[in-house]
Every structure is written in structure tokens, then in C-alpha cells.
Amino acid sequence: MIRNLLTITAAAIATLGFASALPAQSPATRPAAGQARNVVLVHGAFADGSGWRGVYDDLTRRGYRVSIVQNPLTSLADDVAATKRVLARQDGPTILVGHSYGGTVITEAGVDPKVIGLVYVAALAPDAGESTGDQFADIPAPAGFVIEPQADGFGFVNLDKFKSGFAGDTSDADAAFLRDSQVPIAMSAFGEKVTQAAWRSKPSWAVIATRDSAIDPKLLRWTAKRIGASAHEVEGSHVVFLTKPKAVADVIDQAARTAGARKL
């Protein structure tokens, strides 16, 4: 019997210890009543949702319910469907966030009535009738960003130029991991046209990575201006969400707190 009591006590202590390690959500940090409490994060090409971990941790500490989409990167239609699947699970007003090609995805999926604001993180934002590839017509991607199409129609970022072109402000170890774990995208997705542009009817915010070597910062600034986004420049590479998670979380937090009051 004593052994059983000790076992129960140890289990209780372990449970309490686990509970104390969870992020605290004091009234001061919880989202205010009436604002968006849900955030959905959408990754771009050559990556997966795990890169959002720093932003996820920051936002959950602030009291947000954060969900992360795992895009299959097999087609724009498939990625939009994956995003809509996660949006369907939200219980109220939601901020939809996209990185890079993920900006195209949220532009299409963001017409969902639960979405009250869009955040573009070093991202593209085509208009209806435009594709991801169309965005580079006047301001092409920097020469150091090289995509290598494979025989099956999918593309990888060139291994030798991965860090300089995609993740310039990460450590060598982190860049190597991102390089070797990259998720190829169906090249045809870059040619699929958006049928509706959520930014035309919903307020948007843009994080402009000033050291982006995959999408020219000039294109990011032009895009933010075209869609009427509240623009925030952050010194960082294309993976600014990974290297500057607090700065990115700050913009998402601002969007969640003000989307309902902001007029287009």
C-alpha cells in the first residue's frame, strides 16, 4: 500500500511539474475580448511548418491559439485545400499568415469568413488571375536564388547556394539542416492562377525582410504598397520568421488586435 501511495504521489508531482512548464496565460497577456484569438500559419515552398516554432511559441505565450498548416506542395489547389482544412477547425475570428509562396496560398484561402486579417511574411500576394510566377515579371528573383527542376516536375533549391539564397542569416548548422530537409514543390504550382484575392476585401500586414535573397525586397515593398498592407521592415533573410520570430510575432499580434477596427 505504501508503494502504491508513493507511486501516486510521484505521478501527481510529475503532472504538476508538467503543468507548471506550460506557457502562462495571465489576463494581461490573453487576447482582449472581441479581437482575433486564432492564428493560422502557412509555410511556403521548400520548407515545412516546423520553421514556425519560434513564432508559435511566442504567440502561444501571448495567449493565442495557433495552428500550423502542413502544405503538401503538390499543387496550389492542394495547398489551398490544406489551409481551408485547418481554417475549418478554428472557433472564431482568425488571422491567416503566409510566408513566401504561402502568401499566394493565403490570398486564395483567405476569403474564408473566419479570416479577418492577413499577414504576409516575406511573401507574394498575387491578384485574381495572376500566378506566383507572374509576380517576378518586373522584379525577378535575385540571381543567387536557384531552383533546380527535377525530372518528375518538382523543384529543389540548389544545394551549394541554399544558404546564401534562402537562409543567409542562419547558422551554418541550421542552414545545412534546412537545406537537407527541404520539401520540393511541384513547379506547376508556380503557374497556377489565383481565382480570388482576399487582400482586396480584408486588411493586411506585411513583414518585409530587408536582406531577402530569394524575393527582392523591392518586390516585397511594391507588393505591400499594392495591396495596401501595413508594412513592417525587419532586418533578416528570406526565413525571417525563423531568425526573427519575435519581430514577426509582434506584427501578427498587431494584426490580431486591430484587424476588426481597421478600414480598407
Side-chain angles (χ1 to χ4, degrees), residues 31 34-45 47-49 51-56 58-60 62-73 76-128 130 132 135 189 192 194-208 220 223-224 226-232 240-241 245 248-264:
Q35 74 177 72
R37 295 170 179 266
N38 302 315
V39 176
V40 172
L41 306 173
V42 182
H43 67 82
D48 65 20
W52 288 111
R53 181 60 189 269
V55 173
Y56 171 91
D58 189 306
L59 290 174
T60 54
R62 302 188 199 205
Y64 290 99
R65 176 177 181 260
V66 184
S67 302
I68 299 172
V69 176
Q70 293 288 5
N71 282 326
L73 301 180
L76 175 59
D78 288 347
D79 296 334
V80 169
T83 301
K84 288 181 175 179
R85 202 170 294 126
V86 174
L87 286 172
R89 294 169 57 83
Q90 306 308 303
D91 61 3
T94 301
I95 298 298
L96 185 58
V97 184
H99 170 251
S100 192
Y101 157 79
T104 300
V105 177
I106 71 169
T107 294
E108 181 78 28
V111 296
D112 186 289
K114 290 180 181 177
V115 176
I116 65 169
L118 306 160
V119 179
Y120 291 85
V121 180
L124 302 165
D127 201 351
E130 296 178 346
T132 298
Q135 306 308 288
E192 292 182 65
V194 167
T195 63
Q196 47 198 352
W199 53 261
R200 285 197 168 274
S201 59
K202 300 185 180 183
S204 58
W205 286 256
V207 174
I208 297 167
L220 296 176
T223 297
R226 178 170 82 146
I227 69 176
S230 172
H232 302 262
V240 64
F241 65 99
V248 172
D250 284 345
V251 177
I252 296 170
D253 180 56
Q254 182 186 115
R257 292 180 182 278
T258 61
R262 187 175 163 202
K263 298 182 184 296
L264 291 174

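A pairwise comparison of heavy atoms in Phe241 and Val55 identifies O-CG2, 3.5 Å as the closest pair. Of all heavy-atom pairs between Ala224 and Ala206, the closest is CB-CB, 3.8 Å. The minimum heavy-atom distance linking Val194 with Ala197 is given by the pair CG1-N, 4.4 Å. Of all the heavy atoms in Ile227 and Ser204, the pair that sits closest is CD1-OG, 3.6 Å. For Ala122 against Val240, the heavy-atom pair with the smallest separation is CB-CG1, 4.5 Å. Ala123 approaches Gly98 most closely through the heavy-atom pair CB-O, 3.5 Å.
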| task | Check the pair His232, Ser230 against side-chain contact (heavy atoms from CB on, under 4.5 Å), reporting the backbone distance first and the verdict last. | result | CA-CA 7 Å; His232 302 262; Ser230 172; 3.0 Å; yes
| message | Does Tyr120 form a side-chain contact (heavy atoms from CB on, under 4.5 Å) with Thr107? I'd like the steps, not just the answer. | response | CA-CA 9 Å; Tyr120 291 85; Thr107 294; 2.8 Å; yes
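Considering CZ of Arg85 and OG1 of Thr83, their distance stands at 9.0 Å, rounded to 0.5 Å. Separation of atoms CD1 (Ile95) and CG (Leu41) is listed at 11.0 Å; rounding is to 0.5 Å. In this structure, CD on Glu192 lies 9.5 Å from CD on Glu108, to the nearest 0.5 angstrom. A distance of 4.5 Å separates CG of Asn38 from CD of Gln90, quoted to the nearest 0.5 Å. We find the CZ-CG distance between Arg200 and Asp127 to be 4.0 Å, quoted to the nearest 0.5 Å. Atoms CD1 and OG1, from Ile208 and Thr223 in turn, are 8.5 Å apart once rounded to the nearest 0.5 Å.
Put simply, the side chain of Val39 does not reach to within 4.5 Å of the side chain of Ser67, judged on heavy atoms. Asp58 has its side chain out of reach of Pro245: every pair of non-hydrogen atoms, C-beta onward, lies at least 4.5 Å apart. Here the side chains of Leu73 and His43 are in contact, with some heavy-atom distance below 4.5 Å. Between Arg37 and Arg65 there is no side-chain heavy-atom pair separated by less than 4.5 Å.
Between Ile106 and the choices Leu87, Val69, Leu96, the side-chain contact (heavy atoms from CB on, under 4.5 Å) rule is met once, by Leu96.
For the residue pair Tyr101 / Asn71, no side-chain donor-acceptor distance below 3.5 Å is found, with atom types taken as modelled.
Heavy atoms from other residues, nucleotides or ligands lying under 6.0 Å from CZ of Arg89 number 12 at most.
Checked by atom type and distance alone, the side chain of Lys84 never pairs as donor or acceptor with a backbone atom of Ala109 at under 3.5 Å. Put simply, the side chain of Thr258 never gets that close to the backbone of Ala256: no donor and acceptor are under 3.5 Å apart.
Ring geometry for His99 against Trp52 counts as perpendicular: the plane angle is over 60°, on a 0 to 90° scale with 30° as the lower cut.
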